[in-house]
Structure formats: C-alpha cells, structure tokens
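Structure first, commentary second.
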Amino acid sequence: MEEPPRRLTEFAAAAGARDTHVWDRSFLPWDAYFAVVWLATAVFVLGADLPSLPYRITAVALMSLLIPWYLRAGRPAMLDGGADERQSLRYVVASVVIFLPPAFLVGETRLITFALAPPCFMLLPVRKAMITMGVVNVVPVAGWALIWRPESQVVFFNSVFAVATLAFSGFFGVWVIRIIEQSKERASLIGELEASREEVARLSAERGALTERERMSREIHDTLAQGFTSVLMLVQAVQTELDHDVPLARRHLDLMESTARQNLAEARALVAGGAPADLDGGSLPDAVRRLADRHEAPAGLEVRGTVRELPAGIEVVALRSCQEALSNARKHAGPGAPVRLTLAYGEASLTVSVRDEGDGFDLSAPRTGYGLAGLRARAAEVGGTAEIRSAPGAGTSVTVRLPVPTAHLRSSP
C-alpha cells in the first residue's frame with residue numbers, strides 16, 4: 001500500500017490511528033482519476049469536428065507529455081504532500097506549459113483541467129492554486145480564439161464555459177480543503193479525547209490503587225497491627241509474671257493464643273476479601289461483645305433499639321470503629337480503666353459509642369498516629385461521621401454515626 005500525501009496523512013496522524021480517513025488507504029484512486037480524465041479528453045479531442053485531424057492528433061500528442069511528467073514529478077510531489085515547495089511549483093508550472101499548446105489548438109483539450117485542478121490545490125496554497133486555475137481556464141480560450149478566429153458567439157460560449165469551469169474548480173477545491181481541515185480538527189479532537197480517556201483511566205487506576213492501599217492500611221491497622229500489639233504486651237506481662245504468678249502467666253498465655261488465632265482468622269478474611277472474622281456467621285452485637293470480652297480492662301456493652309441485620313459495609317465500619325476505640329483505650333486510657341460500649345439502632349441510622357474513664361488527652365495537641373484519622377475516613381466512606389471528645393483526666397468518648405440506606409429500610413421487615 002502506497003503512502004498518501006502528507007497534507008492528508010498529517011490529518012489522520014493527529015488522531016493517532018491508521019485508516020482514519022478514506023485517503024489513508026491508497027494513492028491508486030488518484031492515478032485512476034488522472035488516467036480516466038486524460039483518456040476522456042483524448043476521445044473528445046479526436047472526435048471533435050474542428051480543427052482538422054492533423055491538428056487534433058498533434059494536440060493529443062502534446063497532451064500525452066502530461067503522462068510521463070505526472071509519473072515523474074507530479075505523483076512523487078503529491079505523495080510527499082508538497083513538502084518540497086519548489087518541486088511542487090515546478091510541476092504545476094510545467095504542467096500548465098505543457099497543457100497550453102494543445103489547448104490553443106483544440107478547445108476540447110480544456111477538459112484535462114479536471115485532472116490538473118486537484119494537484120494544484122493539493123500542492124499549492126489556496127491563493128496560488130486559484131491563480132493557476134485562472135490561467136488554466138482563461139488563457140487557453142484567449143489563445144484558441146486568436147489562432148482560429150471563431151465567431152463571436154462561439155467565443156462567448158467558450159468564455160462562459162471557462163468562467164464556469166474556473167468557478168467550479170475554485171469552489172470544489174476550496175470546499176474539499178475545508179472538509180479536509182475539518183477532518184483534521186475532528187481527528188485532533190478524537191486524538192485528544194482518546195488521550196484524555198487514557199489519562200482518566202490511568203488516574204482512575206492510580207486512584208483505585210491508592211484507595212485500596214488506604215483501605216488495606218486501615219484493615220491492617222485495625223486488625224493485625226492491634227493484634228500483634230496485644231500479643232507483644234502479653235509477652236511482656238508473661239515475662240514479669242513467670243517468677244511470681246504462674247497462674248496469671250498461664251491465663252495471659254491463653255489470651256495470647258486466642259489473640260494469635262483471632263489475628264490469623266482476620267488475616268485469612270483480609271486475603272479472601274470477606275467479612276471480618278468476628279462478623280462471620282454472627283450479628284454485630286455478638287461481634288462487639290466478643291471484642292469487649294477480649295479487652296483487658298472491664299468493658300461492657302449496651303444495645304439500644306431493635307437489633308437487625310444491616311448492610312455489610314455499615315456493620316464492618318461499626319465493628320472496626322469499636323476495635324480502634326478499644327485499642328486506643330488499651331494504650332492510652334491507663335491500666336484498668338473501664339470502658340463502656342453502646343450500639344444504638346435508630347430508624348435510619350446506627351450509632352456506635354465507646355467511652356472510657358481513663359486519662360484522656362488534649363485534642364488540640366499534634367498527633368502522629370493513624371488510628372483516629374482512619375476511623376474518621378471509614379465513617380466518611382459510608383456517609384457517616386466520627387466525633388472524638390476528650391480532655392486530660394476526663395476520659396475519652398468516640399461516637400460514630402452511620403446512616404442506613406433508604407433501600408435497606410424498605411427491605412427490612
């Protein structure tokens with residue numbers, strides 16, 4: 001397949017795709033067009049009544065010079081898209097020079113202008129192309145009239161035909177160029193759109209990956225990291241108890257085993273993408289109650305409202321919020337500080353409250369931990385809010401309010 005003209009291919013290249021336009025496929029239609037117009041012109045010239053046959057044969061012979069000139073100079077220039085302006089201008093000027101003598105001899109030769117017009121508009125700027133077409137259409141009529149001195153009526157008819165041909169050539173040439181330019185603009189817009197789509201897809205993928213990393217970070221922080229922290233604290237406790245309180249050390253060892261098993265279950269659930277281990281096959285109050293039972297300090301649970309099954313995402317956020325609040329109480333409230341958990345089922349919301357009577361902290365003080373920020377982010381993901389209240393010596397309360405979707409309310413018994 002041959003390469004199309006540069007003026008045409010650059011438009012398709014703007015879209016970044018092959019075969020965007022018909023002219024991208026082959027240059028052979030232009031060759032066929034030139035051949036058909038030349039043959040038709042030769043037939044009309046040889047079949048004309050005037051002038052005599054020798055003049056008509058001479059006109060066809062002179063017109064035949066356009067064929068090797070087209071193959072040698074015109075076709076390469078058009079294939080190159082007019083990159084060499086001097087070569088393009090040389091081809092057009094020489095074609096006009098070759099065309100004029102037979103056009104002076106036989107008026108029908110002017111039909112070949114339909115083959116000369118497209119290269120003019122393809123290789124030259126519009127203004128120069130229009131000037132060239134003016135020469136091609138007007139000068140042959142003037143030269144033919146001077147040589148053969150036909151009747152004024154015939155001269156008038158040929159002049160009108162020349163003007164009409166010039167108008168048609170100019171209109172058609174400018175129209176085609178505008179179509180090609182519009183196609184270029186559309187191809188550019190398509191290319192920009194495709195590039196934008198690729199960029200959006202890339203950013204969406206990056207955003208999705210970032211969101212997934214954040215989710216995994218929260219899951220690991222709320223489950224595995226807290227479990228390992230508990231195991232580490234129990235190991236330290238056992239080390240100090242082995243010498244003087246073996247029964248207590250054994251209880252702590254049992255708790256270590258239970259915590260390790262729970263961490264293993266959470267890790268498997270995390271890998272499988274399923275529900276947290278505490279929620280697997282049980283209700284949210286049961287899962288929170290098990291969390292409270294594993295807490296070292298006294299932790300009680302109060303359930304308000306009618307317990308019902310809620311969307312998995314809501315229950316996961318509620319459970320993780322309890323885990324994070326209990327973890328913070330274990331680390332910061334002080335040894336043995338009691339904790340009270342509350343689950344309040346409302347008509348359109350679920351409220352989770354965790355209150356400890358520990359040391360508390362200054363909310364305005366800078367914090368480097370991830371827990372409270374992750375807790376707020378979890379609640380925001382499902383359209384909820386998280387409120388933390390604390391003051392030095394006044395304990396800490398964490399309240400998470402989660403909306404229940406309207407569709408779930410309609411489907412609830």
Side-chain angles (χ1 to χ4, degrees), residues 204 207-226 266 269-270 272-292 295 299-329 339-356 361 363 367 369-391 395-413:
S204 297
R207 177 60 180 172
L210 179 60
T211 302
E212 182 63 15
R213 284 196 297 270
E214 292 178 351
R215 186 189 72 83
M216 291 295 292
S217 298
R218 289 197 301 268
E219 293 290 341
I220 292 173
H221 175 273
D222 293 345
T223 57
L224 303 183
Q226 293 181 5
E266 291 286 1
L270 191 60
D278 280 321
L279 281 175
D280 189 13
S283 67
L284 176 60
D286 292 337
V288 175
R289 194 170 287 110
R290 284 191 290 270
L291 284 178
H295 190 65
L301 171 63
E302 180 185 359
V303 180
R304 300 174 184 170
T306 303
V307 177
R308 62 186 185 276
E309 184 178 356
L310 299 178
I314 299 294
E315 292 191 343
V316 169
V317 172
L319 180 64
R320 296 305 190 208
S321 299
C322 291
Q323 285 179 314
E324 176 60 31
L326 287 174
S327 174
N328 285 339
V339 180
R340 185 174 67 256
L341 297 91
T342 303
L343 287 178
Y345 286 82
E347 292 185 1
S349 65
L350 172 68
T351 302
V352 179
S353 177
V354 181
R355 168 72 183 176
D356 69 69
F361 62 94
L363 287 173
R367 295 185 298 277
Y370 179 81
L372 295 181
L375 189 147
R376 290 190 176 95
R378 275 188 181 278
E381 283 183 356
V382 295
T385 60
E387 181 183 7
I388 296 93
R389 294 182 179 180
S390 184
T396 302
S397 67
V398 176
T399 304
V400 178
R401 295 179 177 85
L402 307 174
V404 176
T406 304
H408 184 78
L409 291 176
R410 288 198 296 263
S411 62
S412 299

**Asked** If you take all heavy atoms of Arg308 and Glu315, which pair is closest and at what distance?
**Response** O-OE2, 4.2 Å
**Item:** From CZ (Arg376) to CD (Glu381), nearest 0.5 Å
**Value:** 15.0 Å
**Prompt:** Which atom pair, heavy atoms only, marks the closest approach of Leu291 to Leu319?
**Reply:** CD1-CD1, 3.3 Å
**Request:** Decide side-chain contact (heavy atoms from CB on, under 4.5 Å) for Asn328 and Leu375; before the verdict, give the C-alpha distance in whole Å, the side-chain angles of both, and the deciding distance to 0.1 Å.
**Result:** CA-CA 11 Å; Asn328 285 339; Leu375 189 147; 5.8 Å; no
**Complete:** Tightest non-hydrogen contact, residues Arg355 and Gly395, listed as NH1-C, 3.9 Å
**Prompt:** Which distance, rounded to the nearest 0.5 Å, do you find between the CG of Leu402 and the CG of Leu350?
**Reply:** 5.5 Å
**Asked** Less than 4.5 Å apart, any side-chain heavy atom of Thr351 and any of Arg304?
**Response** no
**Request:** Using modelled atom types only, decide if a donor and an acceptor are shared between the side chain of Ser390 and the backbone of Phe361 within a distance under 3.5 Å.
**Result:** yes
**Request:** Indicate yes or no: at least one non-hydrogen side-chain atom of Val354 is less than 4.5 angstrom from one of Glu324.
**Result:** no
**Request:** Evaluate the side-chain proximity of Cys322 to Val352: yes if any heavy-atom separation is below 4.5 Å, no if none is.
**Result:** yes
Atom pairs and distances, donor-acceptor, side-chain atoms in residues 339-346, under 3.5 Å, two or more places apart:
none

**Prompt:** Closest heavy-atom contact between Ala292 and Leu326?
**Reply:** N-CD1, 4.4 Å
**Message:** Using 0.5 Å steps for rounding, measure from the CD atom of Glu387 to the OG atom of Ser353.
**Reply:** 9.5 Å
**Asked** What are the two closest heavy atoms between Val382 and Gly313, and how far apart are they?
**Response** CG1-O, 4.4 Å
**Prompt:** Does Gln323 offer a backbone N or O that forms a donor-acceptor pair with the side chain of Ser327 under 3.5 Å?
**Reply:** no
